[in-house]
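We name chains A, B, ... by the order of the sequence lines, and we start the count at 1 in each one.
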Amino acid sequence: MYALVDCNNFYVSCERVFAPQLEGRPVVVLSNNDGCLISRSDEAKALGLKMGEPYHLVRPLLMQHQVRVFSSNYALYGDMSRRVVQVLSHFAAGVEVYSIDEAFLDFQGMRLLAPDLLAYGIRVCETVKQHTGIPTCVGIAPTKTLAKLANRLARKQGTGGVLLLETPAQCQEALALAPVESIWGVGRRYARKLKEMDINTGAQLAALPEHWLRRHMGGVVGQRLWRELHGQPCHDWNPVEWDEADHQLPTSHASRHSAVCTRSFGRPQHEPAVLAEAVATFAAKAAEKLRRHGLVAHLVTVILGTDKYAPVAGPSTYTAAIALPRATSNPTLLTRAALDGLRQLRRPGVAYHRAGVLLSGLEPMGQAPQLDLFTAPAPDHARSEKLTATLDSLNARFGRQLVRLAAAGVTKDAEGNDQQPVWAGRAAHRSPLYTTRWDELWQVS
DNA sequence: TCTGGGGTCCTAGGACCC
DNA sequence: TCTGGGGTCCTAGGACCC
């Protein structure tokens with residue numbers, strides 16, 4: 001058995017923890033660059049506001065109904081997510097973090113400890129709410145796919161936000177209630193195809209022959225979906241590992257294949273120097289992510305994007321890949337490669353709307369075989385490793401990007417005040433970093 | 001003027017290797 | 001006229017997830 005714990009309207013709920021007066025009022029959170037709506041309170045959903053809707057199109061509606069708007073604040077959401085996972089870790093032998101607002105719990109054999117699984121699930125919800133302020137729902141079922149389904153139904157039909165599907169009959173009943181597009185693994189395309197065949201519910205999908213899903217729904221992916229719907233677990237299990245020394249960051253053993261940092265600019269940019277600072281910043285952030293996971297990369301891909309909504313033919317995304325002689329997570333080497341890529345890619349006079357850096361060809365640090373027999377390790381390799389480690393610990397202690405490469409640019413004015421780089425995205429409504437910055441702590445008066 | 005970011009898996013086809 | 005078999009790696013594209 002698996003339990004899926006899902007935080008309700010997660011980003012909005014995080015904002016409400018520190019602004020309880022917004023309880024019961026319509027609230028939305030915007031994507032990076034204040035682009036689209038990515039989290040909505042129940043009241044905002046009731047106004048007809050849709051997930052992913054462009055902010056500039058619904059602005060009049062938001063003003064009309066006095067909807068409270070937030071720019072996204074990932075430092076806050078990431079920290080709240082970590083707290084939720086920490087609470088969950090006390091309730092199961094294993095926790096798999098699936099996304100920033102969802103986690104699976106290993107409930108195998110849980111019956112022995114908690115004969116009443118439903119009551120146990122309710123206790124999970126209550127404890128998370130009490131310890132973090134975040135409301136959740138829990139779905140419990142024999143497979144991850146069925147647990148997702150149970151979770152989806154839990155809010156409306158569950159007990160205290162919890163729904164337990166245990167017997168085949170219970171699973172069948174739930175599947176019959178589920179629109180086919182709500183099944184985990186059935187996206188827009190497959191949903192349309194299925195509806196054309198008059199397959200409208202999860203139960204109808206599960207009733208198709210296994211080989212049909214293999215043939216028409218992505219090969220083994222479809223086959224796995226069929227089996228999961230029939231109670232046979234097919235998905236991997238990748239629990240987080242708690243580092244005893246540093247209880248801050250759980251790390252997953254799931255292998256990662258890439259680390260990427262891309263951003264839209266607040267306004268289009270064509271200046272080489274500005275683009276270089278942005279790309280250097282993204283390279284450093286992606287490299288930091290790599291080191292956090294103990295990985296090194298073989299390949300650096302620089303991404304530049306023009307206006308993807310412009311009514312012109314041709315692609316809006318351009319990439320240049322730089323292969324490294326040796327896999328590394330060193331920010332200096334990765335930034336240098338990224339800037340090389342940028343020089344290859346950039347076309348004079350073209351206005352770019354976004355940029356990014358993708359690191360791939362990943363391997364665990366220390367195990368990477370040397371690709372180039374004739375390139376000796378740099379003589380200052382050890383010093384440079386030490387420098388990187390020092391940089392990471394300074395940034396961990398005093399705030400992200402406090403110490404960085406000069407290539408990433410300077411964002412202080414003459415008086416030493418923080419200043420946004422010219423390429424920075426819009427974030428007009430960001431809340432304070434209540435839990436991760438000393439000078440932005442929540443104040444109670 | 002204004003439309004996010006970060007991932008996964010699978011398949012097919014081409015280049016290249018012995 | 002006839003043109004193997006078994007691989008790897010890379011890229012692009014399509015599907016999905018949050």
* Distance in angstrom units between A/Arg188 CZ and C/dG14 P, rounded -> 13 Å
* Quick one: which of C/dC18, B/dG5, C/dC16 gets closest to the side chain of A/Ser264? -> B/dG5
* Which whole-number value in Å describes the distance from A/Leu358 CG to C/dT11 C1'? -> 13 Å
* Check whether more than 12 heavy atoms from other residues, nucleotides or ligands sit under 6.0 Å from atom CZ of A/Arg430, and answer yes or no. => yes
* Nearest-angstrom distance from the residue atom OH of A/Tyr11 to P of B/dG5 -> 12 Å
* Side chains of A/Thr328 and A/Asn330: is there a donor and an acceptor less than 3.5 Å apart? -> no
* Rounded to the nearest Å, what distance is computed from the OH atom of residue A/Tyr77 to the P atom of nucleotide B/dG5? -> 15 Å
* Looking only at side-chain N and O atoms, does A/Ser258 come under 4.0 Å of OP1 or OP2 in B/dT8? -> yes
* To do: Mind calculating the distance between CD1 (A/Ile38) and C1' (C/dC18) to the nearest angstrom?
  => 10 Å
* Can you establish whether the number of heavy atoms outside A/Gln108 located under 6.0 Å from its atom CD is more than 12? => no
* Among A/Tyr98, A/Phe104, A/Tyr2, which residue meets the ring-ring contact (aromatic ring centres under 6.0 Å, His included) test with A/Trp237? -> A/Tyr2
* Asked: What interatomic distance, in whole Å, is found between C1' of C/dG4 and the corresponding atom of B/dC16?
  -> 16 Å
* Candidate nucleotides B/dC10, C/dC18, B/dG5, ranked by approach to the side chain of A/Arg354 - the nearest -> B/dG5
* Asked: Cationic tip of A/Arg68 within the cone over A/Phe70's six-membered ring, i.e. under 6.0 Å and within 45° of the normal?
  -> yes
* Asked: Using the benzene-type ring in the case of Trp, are the ring centres of A/His353 and A/Trp423 under 6.0 Å apart?
  -> no
* **Distance, nearest 0.5 Å, that separates CG of A/Asp34 from OG of A/Ser72** => 7.5 Å
* For atom CD of A/Glu102 and atom C1' of B/dT8, their distance in whole Å -> 14 Å
* Indicate whether OP1 or OP2 belonging to B/dC10 is found under 4.0 Å from a side-chain N or O atom of A/Arg224. => yes
* **Side-chain donor-acceptor contact under 3.5 Å, A/Asp6 with A/Asn8** => no
* To do: Name every residue in residues 46-74 of chain A that has at least one heavy atom under 4.0 Å from any atom of DNA chain B, in order of residue number, or write none if there are no such residues.
  => A/Pro54, A/His56
* Asked: Can you tell me if NZ on A/Lys193 sees more than 12 non-hydrogen neighbours from other groups inside 6.0 Å?
  -> yes
* Neighbour count above 12 (heavy atom, 6.0 Å) for A/Gln157 CD -> yes
* Write down the distance between CZ (A/Arg152) and C1' (C/dC17), rounded to a whole number of angstrom. => 10 Å
* Asked: Do the side-chain N and O atoms of A/Tyr77 and A/Glu15 include a donor-acceptor pair separated by under 3.5 angstrom?
  -> yes
* Kindly state whether the ring of A/Phe107 and the ring of A/Phe91 have centres lying under 6.0 angstrom apart. => no
* Asked: Listed in order of residue number, which residues of residues 25-36 of chain A have a non-hydrogen atom at under 4.0 Å from DNA chain B?
  -> A/Ser31, A/Asn32, A/Gly35, A/Cys36
* Salt-bridge test for A/Arg152 and A/Glu102: reply yes if a basic N is under 4.0 Å from a carboxylate O, no otherwise. => no
* To do: Give a yes or no on this: more than 12 heavy atoms of other residues, nucleotides or ligands lie within 6.0 Å of atom CD of A/Gln64.
  => yes
* Flag if over 12 foreign heavy atoms under 6.0 Å of CZ, A/Arg83 -> yes
* Look at A/Arg256 and B/dC9 and indicate whether a side-chain polar atom (N or O) is within less than 4.0 Å of OP1 or OP2. => no
* Length of the CG-C1' vector between A/Leu213 and C/dA15, whole Å -> 14 Å
* State whether A/His257 places a side-chain N or O below 4.0 Å from either non-bridging phosphate oxygen (OP1 or OP2) of B/dC9. => yes
* Check whether any side-chain heavy atom of A/Ile122 sits under 4.5 Å from a side-chain heavy atom of A/Val124, and report yes or no. => no
* Asked: If you pin A/Ala259 and A/Phe265 to their nearest nucleotides in DNA chain B, which one's is more 5'?
  -> A/Phe265
* Does A/Arg426 place a side-chain N or O at less than 4.0 Å from the phosphate oxygens OP1/OP2 of B/dG4? -> no
* Asked: Is the distance from OP1 or OP2 of B/dG7 to the nearest side-chain N or O of A/Ser99 less than 4.0 Å?
  -> no
* Test item: side-chain donor near acceptor, A/Ser431 and A/Asn73, under 3.5 Å -> yes
* So what does A/Lys144 touch, heavy atoms closer than 4.0 Å: a base, only the sugar-phosphate, or nothing? -> nothing
* Structure fact -> Closest to the 5' end of DNA chain B, once A/Arg267 and A/Val260 are matched to their nearest nucleotides, is A/Arg267
* Structure fact -> Numerically ordered, the residues 299-309 of chain A set in heavy-atom contact under 4.0 Å with DNA chain B is A/Lys308, A/Tyr309
* Examine B/dG6: is either OP1 or OP2 under 4.0 Å from a nitrogen or oxygen in the side chain of A/Thr262? Give yes or no. => yes
* To do: Could you give me the stems involving DNA chain C, meaning stretches of three or more consecutive Watson-Crick or G-U wobble pairs whose two defining distances are both below 3.5 Å?
  => B:5-18 with C:5-18
* Which part of the nucleic acid does A/Arg192 contact within heavy-atom distance under 4.0 Å: base, sugar-phosphate only, or nothing? -> nothing
* Structure fact -> Within residues 178-187 of chain A, the residues having a heavy atom closer than 4.0 Å to DNA chain C are A/Ile183, A/Trp184, A/Gly185, A/Val186, A/Gly187
* Asked: Counting side-chain heavy atoms from CB outward, which of B/dG4, B/dC2, B/dC10 is closest to A/Val221?
  -> B/dC10
Per-pair distances, 0.1 Å, donor-acceptor, side chain in residues 131-141 of chain A, under 3.5 Å, sequence neighbours excluded:
from, atom 1, to, atom 2, distance (Å)
A/Thr132, OG1, A/Val128, O, 2.7
A/Thr132, OG1, A/Ile134, N, 3.1

* Asked: For C/dA15, does either OP1 or OP2 sit under 4.0 Å from a side-chain N or O belonging to A/Lys193?
  -> no
